[in-house]
Amino acid sequence: MAYETKEIYITPPNQNVNTETIKNGLVKLQDFYVQMSDDGVSLKKRPGLLEVLDLGTNQKGDGLYWFNSISAFIAVSNGRTYKIAQDYTVTDLTGDTILANNQVSFAEKSYGGSDYLFIANGSQVIYTDGTATTQAISSITFNVSCIVNFNNYLIVNKVNTNEWYYNLEGLSSGQTPFVWNLSQMLKAESNPDVVDWLTVVNNRLYIWGKRSLEMWYLDASASVPFTMLQASQIKEGVISPHSIQVVEKTSQIFLDESRRVRLLSNGKLTTLSSNYGKELQKITTATDATSAYMLFQGKSFYIITFKSEDRTFVYDLELGAWSEYGYWNTGTSNYSRFIGEIYAYSPTWNKHFFMSNSNGKIYEFSTDYKTDNGNEINSFIETGNRDHGTHKWKRSRNLRALIKAGSDYYSNPDKEAIIELEHSDNGSVRYSKRKTISLKNSNENTDNNILLMRRGGMYKSRKYRLYAPDDVSLIIFGIYEEIEIGNL
């Protein structure tokens, strides 16, 4: 019979079914992401990280916030507060401290002609104007994990209760943002639930608990200026408050108590994790999940990390595609979670940053960097168990890929970039010996047709894994196999 060319389709990975039943497309993306262009669908190796400064705390980052009024970042690590200028000069603003190793909530507030940043993470509330050292609000006598500014009202939760408090600065005698009247308190109403987190979206205050979600609106003319929307209660909560991210100021993404990643938009809930639900259900401990929302090079990503499980999942909001980010341990040949945990973006500098999940370092995230601060990014893709629609035997003549690779190595004649290939046949869990393929003839200006394997033998079904371990930029535009099908 004649040979025919079959394409391995670049599709969003599906981990919600038995992967052996996926006969085409992709099963997993590790440190790759899907991109669309006029030329079609392709896979791009993710950007890398470069250390820009070390706070010297030797503890994980707890908060990073772009304070626009001073054109600088405010960073929190080990309970201490720092200002970071554009030249990466660090100023220690620590006066009063907060908890170490607890993620931070920030809220801005203008008062008396100055802008202040309020900070909470499970103990006292502190504040700074970016110049003075941090001071605690002594009139808040309980522990606070979240603070928000809702139409110029500062609002906090009281840890481990269903109570939340608001500040009526200017409307009550003696009150300022720094002096609170604790009689101004409300409770979550629809379902007796601990208030774990607060968000403000579309001129609504959202009160988050583990079993419920309430929406409140402002009625400044009333003696109590907040009223719950009676028809808006959702009997569904959030399993980890740090999984909540506000998207484009109009929607919210969170991990619910059933370990589903959900989108809340205009009062409607949508499940985003359908293609990765089975994998997320394997997570034993989800209460320590942290997340980030990142708009990077025109693409929107929701990044969720499970600390206890040591894994990081990434969702592309435009394409509905899941992938995973990781840190490759060359000693154990295993992936751990992505080393960036707390994320922030500077619109003035047009730079993206992550705080380390283990020490006081801060990294810039950019396509200019091809490693994670010197550690290789071992990206790989895994295809479905391809049988080309028939159980007949197939003979593989060759496997090729259209690849564009950067020229990072080519100025060094002693080293050239490579990719690696392995395959598994007929449902076996064992893979072939990994094969190394040179990318010496591929450059960043040409889509080269790279021969991955010649005379690949016979099989009834086969899945491939393709690895990209080198520190070069790399895009895969297509993978094609020439096969003969029949009674061979």
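The figures that follow rest on heavy atoms only: side chains count, while hydrogens, waters and symmetry mates do not.
Ring pair Tyr325/Tyr335: centre-to-centre distance not below 6.0 Å. For Tyr116 and Phe178, the ring centers are positioned less than 6.0 Å apart. Taking the six-membered ring for Trp and the full ring otherwise, Trp208 and Phe254 have centroids separated by under 6.0 Å. Aromatic ring centroids of Tyr302 and Tyr293 lie 6.0 Å or more apart. Under the 6.0 Å cut-off for aromatic ring centres, Tyr153 and Phe226 qualify, their centroids lying closer than that.
A salt bridge links Arg311 with Glu279: at least one charged nitrogen is closer than 4.0 Å to a carboxylate oxygen. The existence of a salt bridge linking Asp288 and Lys307 is excluded, since no basic side-chain nitrogen approaches an acidic carboxylate oxygen closer than 4.0 Å. With respect to the salt-bridge test (charged N to carboxylate O, under 4.0 angstrom), the residues Glu324 and Lys28 qualify. Classification of Lys299 and Asp316 as a salt-bridged pair holds, one side-chain N sitting under 4.0 Å from a carboxylate O. No salt bridge links Lys45 with Asp31; every basic N to acidic carboxylate O contact stays at or beyond 4.0 Å. Comment: Asp372 engages Arg46 in a salt bridge, judged by a side-chain N to carboxylate O separation of less than 4.0 angstrom.
Between the side chains of Gln35 and Tyr33, no donor-acceptor pair is found at a separation under 3.5 Å.
To the nearest 0.5 Å, atom CG of residue Leu182 and atom CH2 of residue Trp180 are 8.5 Å apart. A distance of 9.5 Å separates CD of Glu51 from CD1 of Ile362, quoted to the nearest 0.5 Å.
In plain terms, the two heavy atoms of Thr81 and Thr94 that are nearest each other are N-OG1, 3.0 Å.
A donor-acceptor pair is defined here as one N or O able to donate and one able to accept, closer than 3.5 Å; no such pair exists between the side chain of Asn102 and the backbone of Gly122.
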